[in-house]
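One structure is given here, and the rest of the page talks about it.
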Amino acid sequence: MSEPEEDFATMFEASIQAKRFERGQTIEGTIVAIGKEVAFVNVGGKGEAQIEIDELKDAAGALEVAVGDRIQAMVVSNEGGLTLSRKLARGAATNRQLEDAFRAGLTVEGRIERVVKGGYEVRIGGQRGFCPMSQIDTVRTAAPEVHQGQVYAFRIIEFKDGGKDLVVSRRALLEEEQKANAVEVRRKVVPDAVLTGRVVSVREYGAFVDLGAGVQGLLHVSEMAWSRVSDPSQLLSPGQEITVKVLRVDEGGQKVALGLKQLTADPWSTVQASYAVGQVRSGRVTRLAEFGAFVELEPGVEGLAHASTFAPTGRADAWSKSVPVGTTGSFEILSIEPEKKRIGVALVQEELRDYTASTEVESPGAFGSLADKLRGALDARRK
(Lines give C-alpha, C1' and ligand atoms only; values in the text may rest on other atoms or scores of the structure.)
Protein backbone atom coordinates (compact mmCIF):
# COMPACT_ATOMS: atom_id res chain seq x y z
CA MET A 1 0.00 0.00 0.00
CA SER A 2 1.43 3.41 -0.99
CA GLU A 3 1.89 6.26 1.51
CA PRO A 4 -1.10 8.33 0.24
CA GLU A 5 -3.27 5.21 0.47
CA GLU A 6 -2.05 4.62 4.04
CA ASP A 7 -2.86 8.24 4.99
CA PHE A 8 -6.35 7.92 3.49
CA ALA A 9 -6.96 4.65 5.32
CA THR A 10 -5.80 6.23 8.59
CA MET A 11 -8.10 9.23 8.10
CA PHE A 12 -11.00 6.97 7.17
CA GLU A 13 -10.44 4.81 10.25
CA ALA A 14 -10.29 7.93 12.48
CA SER A 15 -13.56 9.15 10.99
CA ILE A 16 -15.25 5.81 11.69
CA GLN A 17 -13.93 5.79 15.26
CA ALA A 18 -15.20 9.33 15.83
CA LYS A 19 -18.74 8.25 14.93
CA ARG A 20 -18.71 5.97 17.97
CA PHE A 21 -19.13 9.06 20.14
CA GLU A 22 -22.04 11.48 20.18
CA ARG A 23 -21.86 15.24 20.48
CA GLY A 24 -22.44 16.30 24.05
CA GLN A 25 -21.13 12.99 25.41
CA THR A 26 -18.59 13.27 28.23
CA ILE A 27 -15.67 10.88 27.80
CA GLU A 28 -12.28 10.16 29.37
CA GLY A 29 -8.96 9.79 27.60
CA THR A 30 -5.17 9.92 28.00
CA ILE A 31 -3.05 12.75 26.60
CA VAL A 32 -0.52 11.23 24.15
CA ALA A 33 0.98 14.36 22.59
CA ILE A 34 0.99 18.12 23.21
CA GLY A 35 1.53 20.57 20.35
CA LYS A 36 1.58 24.36 20.13
CA GLU A 37 -2.14 24.72 19.46
CA VAL A 38 -3.70 21.34 20.15
CA ALA A 39 -3.16 18.24 22.25
CA PHE A 40 -3.99 14.70 21.16
CA VAL A 41 -6.01 12.40 23.41
CA ASN A 42 -6.27 8.60 23.20
CA VAL A 43 -9.93 7.71 23.82
CA GLY A 44 -9.60 3.94 23.47
CA GLY A 45 -8.92 1.48 20.65
CA LYS A 46 -7.65 3.32 17.58
CA GLY A 47 -9.66 6.39 18.53
CA GLU A 48 -7.76 9.65 18.95
CA ALA A 49 -9.21 13.09 19.61
CA GLN A 50 -7.83 16.60 19.74
CA ILE A 51 -8.41 19.44 22.17
CA GLU A 52 -7.20 23.06 22.06
CA ILE A 53 -4.23 23.87 24.27
CA ASP A 54 -6.13 26.81 25.83
CA GLU A 55 -8.60 24.26 27.21
CA LEU A 56 -5.77 22.73 29.25
CA LYS A 57 -4.45 25.93 30.86
CA ASP A 58 -5.35 27.43 34.23
CA ALA A 59 -6.44 31.03 34.89
CA ALA A 60 -2.80 32.17 34.91
CA GLY A 61 -2.13 30.60 31.50
CA ALA A 62 -0.03 27.71 32.81
CA LEU A 63 -0.48 24.23 31.33
CA GLU A 64 -2.29 22.01 33.83
CA VAL A 65 -1.54 18.62 32.24
CA ALA A 66 1.29 16.54 30.81
CA VAL A 67 1.60 13.58 28.47
CA GLY A 68 0.19 10.49 30.18
CA ASP A 69 -2.43 12.40 32.22
CA ARG A 70 -6.06 11.37 31.97
CA ILE A 71 -8.67 14.07 31.39
CA GLN A 72 -12.43 14.23 31.14
CA ALA A 73 -13.94 16.32 28.35
CA MET A 74 -17.06 16.74 26.24
CA VAL A 75 -17.38 15.80 22.57
CA VAL A 76 -18.17 18.98 20.61
CA SER A 77 -17.69 17.55 17.11
CA ASN A 78 -17.36 14.12 15.50
CA GLU A 79 -17.13 15.29 11.90
CA GLY A 80 -13.80 14.44 10.27
CA GLY A 81 -12.34 13.41 13.61
CA LEU A 82 -13.10 13.92 17.28
CA THR A 83 -12.90 17.38 18.89
CA LEU A 84 -13.17 17.77 22.66
CA SER A 85 -13.83 20.60 25.10
CA ARG A 86 -12.94 20.45 28.75
CA LYS A 87 -14.34 23.87 29.60
CA LEU A 88 -17.84 22.92 28.49
CA ALA A 89 -17.71 19.89 30.78
CA ARG A 90 -16.47 22.01 33.67
CA GLY A 91 -18.78 24.98 33.10
CA ALA A 92 -15.95 27.35 32.14
CA ALA A 93 -16.82 27.92 28.50
CA THR A 94 -16.02 31.05 26.51
CA ASN A 95 -18.65 33.00 24.57
CA ARG A 96 -17.62 31.32 21.32
CA GLN A 97 -17.89 27.88 22.89
CA LEU A 98 -21.29 28.74 24.35
CA GLU A 99 -22.48 29.84 20.92
CA ASP A 100 -21.17 26.59 19.42
CA ALA A 101 -22.96 24.66 22.17
CA PHE A 102 -26.20 26.56 21.41
CA ARG A 103 -26.02 25.81 17.68
CA ALA A 104 -25.06 22.17 18.23
CA GLY A 105 -27.58 21.60 21.04
CA LEU A 106 -24.86 20.55 23.49
CA THR A 107 -25.24 20.59 27.26
CA VAL A 108 -23.41 23.10 29.42
CA GLU A 109 -22.80 23.15 33.14
CA GLY A 110 -24.09 26.01 35.26
CA ARG A 111 -24.55 27.02 38.88
CA ILE A 112 -27.79 28.49 40.24
CA GLU A 113 -26.69 31.79 41.80
CA ARG A 114 -29.98 33.17 43.08
CA VAL A 115 -33.73 33.33 42.62
CA VAL A 116 -34.88 36.29 40.53
CA LYS A 117 -38.24 37.44 39.20
CA GLY A 118 -39.71 34.67 37.05
CA GLY A 119 -36.79 32.28 37.42
CA TYR A 120 -33.12 31.90 38.32
CA GLU A 121 -29.82 33.59 37.62
CA VAL A 122 -27.38 30.94 36.36
CA ARG A 123 -23.59 31.28 36.17
CA ILE A 124 -22.13 29.47 33.14
CA GLY A 125 -18.38 29.97 32.93
CA GLY A 126 -17.92 33.74 32.96
CA GLN A 127 -21.42 34.42 31.70
CA ARG A 128 -24.71 35.06 33.45
CA GLY A 129 -27.74 33.28 32.10
CA PHE A 130 -31.42 33.10 32.94
CA CYS A 131 -33.44 29.95 33.55
CA PRO A 132 -37.23 30.51 33.63
CA MET A 133 -39.03 28.98 36.61
CA SER A 134 -40.90 26.62 34.28
CA GLN A 135 -37.61 25.30 32.86
CA ILE A 136 -35.84 24.30 36.08
CA ASP A 137 -37.67 20.97 36.53
CA THR A 138 -40.35 18.76 35.02
CA VAL A 139 -42.64 19.41 37.98
CA ARG A 140 -43.62 22.62 39.72
CA THR A 141 -41.15 23.68 42.39
CA ALA A 142 -43.04 24.65 45.55
CA ALA A 143 -39.95 26.23 47.19
CA PRO A 144 -37.75 27.86 44.48
CA GLU A 145 -34.88 28.33 46.95
CA VAL A 146 -34.14 24.59 47.01
CA HIS A 147 -32.24 24.94 43.72
CA GLN A 148 -30.06 27.83 44.83
CA GLY A 149 -26.37 26.88 44.90
CA GLN A 150 -26.92 23.69 42.90
CA VAL A 151 -24.82 22.82 39.83
CA TYR A 152 -26.85 21.38 36.95
CA ALA A 153 -26.52 20.52 33.28
CA PHE A 154 -28.46 22.88 31.00
CA ARG A 155 -29.28 23.34 27.35
CA ILE A 156 -28.99 26.83 25.85
CA ILE A 157 -32.32 27.70 24.24
CA GLU A 158 -31.56 31.37 23.43
CA PHE A 159 -28.21 33.01 22.57
CA LYS A 160 -28.39 36.73 21.68
CA ASP A 161 -26.13 39.80 21.68
CA GLY A 162 -22.94 37.76 21.70
CA GLY A 163 -23.97 35.82 24.79
CA LYS A 164 -25.20 38.77 26.84
CA ASP A 165 -28.75 37.45 26.52
CA LEU A 166 -28.49 33.80 27.49
CA VAL A 167 -31.54 31.66 28.32
CA VAL A 168 -31.10 28.06 29.44
CA SER A 169 -33.32 25.08 30.25
CA ARG A 170 -32.74 22.16 32.56
CA ARG A 171 -36.21 20.78 31.90
CA ALA A 172 -35.39 20.03 28.25
CA LEU A 173 -32.60 17.65 29.32
CA LEU A 174 -34.72 16.03 32.05
CA GLU A 175 -37.55 15.36 29.58
CA GLU A 176 -35.16 13.76 27.11
CA GLU A 177 -33.82 11.55 29.88
CA GLN A 178 -37.36 10.66 30.95
CA LYS A 179 -38.33 9.64 27.43
CA ALA A 180 -35.27 7.40 27.20
CA ASN A 181 -36.09 5.74 30.53
CA ALA A 182 -39.90 5.65 30.19
CA VAL A 183 -39.90 2.47 28.09
CA GLU A 184 -38.06 0.55 30.81
CA VAL A 185 -40.30 1.96 33.57
CA ARG A 186 -43.49 1.02 31.70
CA ARG A 187 -42.31 -2.59 31.52
CA LYS A 188 -42.48 -2.67 35.32
CA VAL A 189 -45.88 -0.95 35.57
CA VAL A 190 -48.17 -3.98 35.43
CA PRO A 191 -51.19 -4.97 37.56
CA ASP A 192 -50.27 -6.14 41.09
CA ALA A 193 -46.75 -4.69 40.87
CA VAL A 194 -45.59 -2.88 44.02
CA LEU A 195 -43.55 0.21 43.15
CA THR A 196 -42.01 3.23 44.83
CA GLY A 197 -43.02 6.65 43.55
CA ARG A 198 -43.04 10.34 44.34
CA VAL A 199 -46.20 12.38 44.91
CA VAL A 200 -46.38 15.06 42.20
CA SER A 201 -49.62 16.80 43.17
CA VAL A 202 -52.58 16.33 45.50
CA ARG A 203 -56.16 17.07 44.47
CA GLU A 204 -59.58 16.65 46.14
CA TYR A 205 -60.14 13.42 44.23
CA GLY A 206 -56.69 11.90 44.75
CA ALA A 207 -52.97 12.26 44.10
CA PHE A 208 -50.77 11.90 41.03
CA VAL A 209 -47.69 9.78 41.64
CA ASP A 210 -44.53 9.74 39.49
CA LEU A 211 -43.32 6.15 39.16
CA GLY A 212 -40.14 7.23 37.38
CA ALA A 213 -39.16 8.76 34.03
CA GLY A 214 -42.31 10.88 34.02
CA VAL A 215 -44.65 7.87 34.07
CA GLN A 216 -47.51 8.89 36.36
CA GLY A 217 -50.43 7.09 37.95
CA LEU A 218 -53.52 8.26 39.81
CA LEU A 219 -54.00 7.26 43.43
CA HIS A 220 -57.74 7.88 43.89
CA VAL A 221 -58.90 9.07 47.29
CA SER A 222 -60.99 5.90 47.70
CA GLU A 223 -57.82 3.78 47.34
CA MET A 224 -55.72 5.64 49.93
CA ALA A 225 -56.97 3.97 53.11
CA TRP A 226 -59.56 1.47 54.27
CA SER A 227 -61.16 4.19 56.37
CA ARG A 228 -62.83 7.16 54.69
CA VAL A 229 -60.40 9.95 53.64
CA SER A 230 -62.11 13.34 53.44
CA ASP A 231 -58.99 15.40 52.70
CA PRO A 232 -56.12 13.72 50.78
CA SER A 233 -53.77 16.60 51.64
CA GLN A 234 -53.91 15.49 55.27
CA LEU A 235 -52.44 12.15 54.24
CA LEU A 236 -50.06 13.03 51.38
CA SER A 237 -47.99 16.01 50.25
CA PRO A 238 -46.10 16.86 47.02
CA GLY A 239 -42.58 15.44 46.97
CA GLN A 240 -43.40 12.66 49.43
CA GLU A 241 -42.03 9.23 48.53
CA ILE A 242 -44.57 6.40 48.89
CA THR A 243 -44.96 2.73 47.98
CA VAL A 244 -48.06 1.88 45.94
CA LYS A 245 -49.66 -1.10 44.22
CA VAL A 246 -50.65 -1.02 40.55
CA LEU A 247 -54.36 -1.81 40.30
CA ARG A 248 -55.08 -1.30 36.58
CA VAL A 249 -53.29 -0.26 33.41
CA ASP A 250 -55.17 0.62 30.24
CA GLU A 251 -54.20 -1.01 26.94
CA GLY A 252 -52.12 1.94 25.81
CA GLY A 253 -50.36 2.14 29.16
CA GLN A 254 -51.24 5.83 29.44
CA LYS A 255 -53.66 5.56 32.39
CA VAL A 256 -52.41 3.84 35.54
CA ALA A 257 -54.63 3.30 38.61
CA LEU A 258 -52.77 2.95 41.90
CA GLY A 259 -53.69 1.79 45.40
CA LEU A 260 -52.20 2.40 48.83
CA LYS A 261 -54.63 0.62 51.12
CA GLN A 262 -54.09 -2.66 49.25
CA LEU A 263 -50.67 -2.95 50.91
CA THR A 264 -52.37 -3.59 54.27
CA ALA A 265 -54.95 -6.19 55.27
CA ASP A 266 -58.62 -5.38 54.64
CA PRO A 267 -60.17 -4.90 58.12
CA TRP A 268 -63.38 -6.53 56.84
CA SER A 269 -61.49 -9.82 56.51
CA THR A 270 -61.65 -10.28 60.31
CA VAL A 271 -65.17 -8.92 60.90
CA GLN A 272 -66.88 -12.31 60.91
CA ALA A 273 -64.54 -13.61 63.58
CA SER A 274 -64.49 -10.53 65.81
CA TYR A 275 -68.06 -9.20 65.55
CA ALA A 276 -71.29 -10.84 66.72
CA VAL A 277 -74.96 -9.84 66.72
CA GLY A 278 -75.84 -8.45 70.13
CA GLN A 279 -72.41 -6.99 70.87
CA VAL A 280 -72.24 -3.39 72.04
CA ARG A 281 -69.28 -1.48 70.61
CA SER A 282 -68.13 2.10 70.71
CA GLY A 283 -68.38 4.03 67.46
CA ARG A 284 -68.17 7.48 65.90
CA VAL A 285 -70.68 9.02 63.47
CA THR A 286 -68.79 9.86 60.26
CA ARG A 287 -71.58 11.07 57.97
CA LEU A 288 -75.34 11.42 57.75
CA ALA A 289 -77.78 10.45 55.02
CA GLU A 290 -81.57 10.67 54.73
CA PHE A 291 -81.90 7.00 55.63
CA GLY A 292 -79.51 6.91 58.58
CA ALA A 293 -76.08 7.54 60.09
CA PHE A 294 -72.81 5.87 59.16
CA VAL A 295 -70.79 4.84 62.18
CA GLU A 296 -67.08 3.96 62.22
CA LEU A 297 -66.60 0.96 64.51
CA GLU A 298 -62.87 0.70 63.73
CA PRO A 299 -60.66 2.16 60.96
CA GLY A 300 -62.06 0.82 57.70
CA VAL A 301 -65.21 -0.75 59.18
CA GLU A 302 -68.43 1.25 59.15
CA GLY A 303 -71.92 0.28 60.23
CA LEU A 304 -75.25 1.87 59.39
CA ALA A 305 -77.65 3.05 62.07
CA HIS A 306 -80.90 3.22 60.11
CA ALA A 307 -83.15 6.18 60.80
CA SER A 308 -85.82 3.77 62.06
CA THR A 309 -83.56 2.64 64.94
CA PHE A 310 -83.59 6.06 66.60
CA ALA A 311 -86.22 7.02 69.16
CA PRO A 312 -89.31 8.57 67.49
CA THR A 313 -89.65 12.35 67.76
CA GLY A 314 -92.70 13.06 65.65
CA ARG A 315 -90.59 14.66 62.89
CA ALA A 316 -89.07 12.78 59.98
CA ASP A 317 -85.53 14.21 60.19
CA ALA A 318 -85.31 15.22 63.86
CA TRP A 319 -83.28 12.10 64.70
CA SER A 320 -80.25 13.47 62.83
CA LYS A 321 -79.98 16.45 65.17
CA SER A 322 -79.31 14.09 68.07
CA VAL A 323 -76.29 12.49 66.33
CA PRO A 324 -74.30 15.13 64.43
CA VAL A 325 -71.11 14.07 62.64
CA GLY A 326 -68.39 13.40 65.22
CA THR A 327 -70.79 12.03 67.85
CA THR A 328 -69.32 9.07 69.76
CA GLY A 329 -71.40 6.51 71.61
CA SER A 330 -72.21 2.86 72.17
CA PHE A 331 -73.86 0.94 69.36
CA GLU A 332 -75.49 -2.48 69.39
CA ILE A 333 -74.69 -4.82 66.47
CA LEU A 334 -78.02 -5.79 64.88
CA SER A 335 -76.88 -7.59 61.72
CA ILE A 336 -73.66 -8.59 59.95
CA GLU A 337 -73.16 -9.25 56.22
CA PRO A 338 -69.36 -9.53 55.72
CA GLU A 339 -69.62 -10.48 52.04
CA LYS A 340 -71.50 -7.23 51.34
CA LYS A 341 -69.46 -5.26 53.88
CA ARG A 342 -72.59 -4.29 55.79
CA ILE A 343 -73.20 -4.04 59.51
CA GLY A 344 -76.49 -2.83 60.98
CA VAL A 345 -76.21 -0.98 64.30
CA ALA A 346 -78.44 0.90 66.73
CA LEU A 347 -77.45 3.64 69.14
CA VAL A 348 -77.76 2.56 72.76
CA GLN A 349 -79.55 5.31 74.70
CA GLU A 350 -78.09 6.79 77.89
CA GLU A 351 -80.01 4.66 80.36
CA LEU A 352 -79.28 1.56 78.30
CA ARG A 353 -75.54 2.36 78.34
CA ASP A 354 -75.74 2.54 82.12
CA TYR A 355 -77.54 -0.81 82.16
CA THR A 356 -74.89 -2.30 79.84
CA ALA A 357 -72.04 -1.04 82.01
CA SER A 358 -73.62 -2.58 85.12
CA THR A 359 -74.23 -5.93 83.45
CA GLU A 360 -71.29 -8.32 83.59
CA VAL A 361 -70.94 -10.44 80.45
CA GLU A 362 -69.21 -13.65 81.42
CA SER A 363 -69.26 -15.42 78.05
CA PRO A 364 -69.94 -14.73 74.32
CA GLY A 365 -73.27 -16.53 74.72
CA ALA A 366 -74.38 -13.90 77.21
CA PHE A 367 -74.50 -11.34 74.36
CA GLY A 368 -77.72 -12.94 73.13
CA SER A 369 -79.64 -12.35 76.36
CA LEU A 370 -78.16 -8.87 76.68
CA ALA A 371 -79.20 -8.01 73.13
CA ASP A 372 -82.75 -9.22 73.88
CA LYS A 373 -82.90 -7.04 76.99
CA LEU A 374 -81.58 -4.02 75.04
CA ARG A 375 -84.13 -4.53 72.27
CA GLY A 376 -86.89 -4.86 74.85
CA ALA A 377 -85.80 -1.64 76.52
CA LEU A 378 -85.64 0.12 73.16
CA ASP A 379 -89.12 -1.12 72.19
CA ALA A 380 -90.56 -0.01 75.53
CA ARG A 381 -89.01 3.46 75.08
CA ARG A 382 -90.52 3.82 71.60
CA LYS A 383 -94.09 2.96 72.73
Side-chain angles (χ1 to χ4, degrees), residues 21-29 37-39 41 43 49-65 69-79 82-141 143-180:
F21 303 99
E22 297 180 0
R23 288 189 303 177
Q25 180 180 351
T26 300
I27 61 176
E28 286 190 358
E37 296 183 353
V38 299
V41 182
V43 292
Q50 64 179 30
I51 185 170
E52 293 183 6
I53 289 296
D54 289 341
E55 297 262 3
L56 304 174
K57 293 180 179 179
D58 60 20
L63 200 62
E64 293 182 309
V65 297
D69 288 350
R70 288 188 67 79
I71 64 169
Q72 187 177 74
M74 181 182 291
V75 177
V76 293
S77 175
N78 58 4
E79 298 295 330
L82 209 57
T83 303
L84 306 179
S85 170
R86 195 162 68 136
K87 290 182 178 179
L88 276 177
R90 297 189 305 176
T94 63
N95 276 0
R96 183 178 64 79
Q97 289 170 326
L98 290 176
E99 185 174 6
D100 289 343
F102 165 65
R103 299 190 184 285
L106 302 179
T107 60
V108 295
E109 191 177 81
R111 183 179 187 274
I112 305 292
E113 293 291 310
R114 61 194 179 100
V115 179
V116 295
K117 184 178 180 181
Y120 302 86
E121 180 183 304
V122 184
R123 173 71 65 176
I124 303 174
Q127 292 292 100
R128 287 183 180 179
F130 173 72
C131 179
M133 195 72 71
S134 63
Q135 296 299 311
I136 195 65
D137 207 338
T138 55
V139 296
R140 182 178 176 275
T141 301
E145 297 77 17
V146 298
H147 296 290
Q148 192 165 311
Q150 298 296 318
V151 176
Y152 296 132
F154 294 92
R155 174 162 293 157
I156 301 173
I157 56 178
E158 284 186 28
F159 185 94
K160 298 177 181 177
D161 298 333
K164 292 180 181 179
D165 188 359
L166 201 65
V167 181
V168 298
S169 170
R170 176 174 174 249
R171 178 174 181 166
L173 297 177
L174 294 176
E175 287 179 342
E176 287 180 6
E177 184 180 349
Q178 285 182 348
K179 288 180 181 178

Notebook entry, point to check: Would V76 and D100 satisfy side chain to side chain contact (heavy atoms under 4.5 Å, CB included), going step by step from the backbone distance to the final call?
Noted result: CA-CA 8 Å; V76 293; D100 289 343; over 6 Å; no
Under the side chain to side chain contact (heavy atoms under 4.5 Å, CB included) criterion, do L84 and V75 qualify, and how do the steps go? CA-CA 5 Å; L84 306 179; V75 177; 3.9 Å; yes
For I112 and F154, what are the C-alpha separation, side-chain angles and deciding distance, and is it a side chain to side chain contact (heavy atoms under 4.5 Å, CB included)?
CA-CA 11 Å; I112 305 292; F154 294 92; 3.7 Å; yes
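Screening D69, V65, V38 against L56 for a side-chain contact (heavy atoms from CB on, under 4.5 Å) leaves a single residue, V65.
Summarising the local packing, CD of E177 is surrounded by 12 or fewer heavy atoms from other residues, nucleotides or ligands at distances under 6.0 Å. More than 12 heavy-atom neighbours from other residues, nucleotides or ligands sit within 6.0 angstrom of CZ on R70.
For the atom pair CZ (F130) and CD1 (I157), the distance works out to 9.5 Å, reported to the nearest 0.5 Å. The CG atom of L174 lies 8.0 Å from the OG atom of S169; values are rounded to the nearest 0.5 Å. Atom CZ in R114 sits 4.5 Å away from atom CD in E121 (nearest 0.5 Å). Atoms CZ and CD1, on R86 and I71 in that order, are 6.0 Å from each other to the nearest 0.5 Å. Going from atom OG1 of T138 over to atom CD of Q178 covers 4.5 Å, rounded to the nearest 0.5 Å. Here the straight-line distance linking atom CD of Q127 with atom CG of D165 works out to 11.0 Å at 0.5 Å rounding.
Nearest heavy-atom pair across G110 and I124 is CA-CG1, 4.0 Å. Shortest non-hydrogen contact noted between V43 and A49 is CG1-CB, 4.3 Å.
A side-chain N or O of E55 and one of S85 form a donor-acceptor pair less than 3.5 Å apart.
Scanning for side chain to side chain contact (heavy atoms under 4.5 Å, CB included) contacts around F102 gives I156, F159, with sequence neighbours left out. Partners of A180 by side chain to side chain contact (heavy atoms under 4.5 Å, CB included), not counting sequence neighbours: none found.
At distances below 3.5 Å, not a single donor-acceptor pair connects side-chain atoms of Y152 with backbone N or O atoms of I136. In this structure, R171 contributes its side chain and Q135 its backbone to no donor-acceptor pair below 3.5 Å.
Residues E109 and V151 are in side-chain contact: their nearest non-hydrogen atoms beyond the backbone lie under 4.5 Å apart. Within the 4.5 Å cutoff, no side-chain heavy atoms of N78 are placed close to those of E22.
A salt bridge does not link R128 with E113: none of the charged nitrogens is closer than 4.0 Å to a carboxylate oxygen. Look at R103 and E99 and you find a salt bridge, because one of the NZ, NE, NH1 or NH2 atoms lies within 4.0 Å of a carboxylate O, short of that distance.
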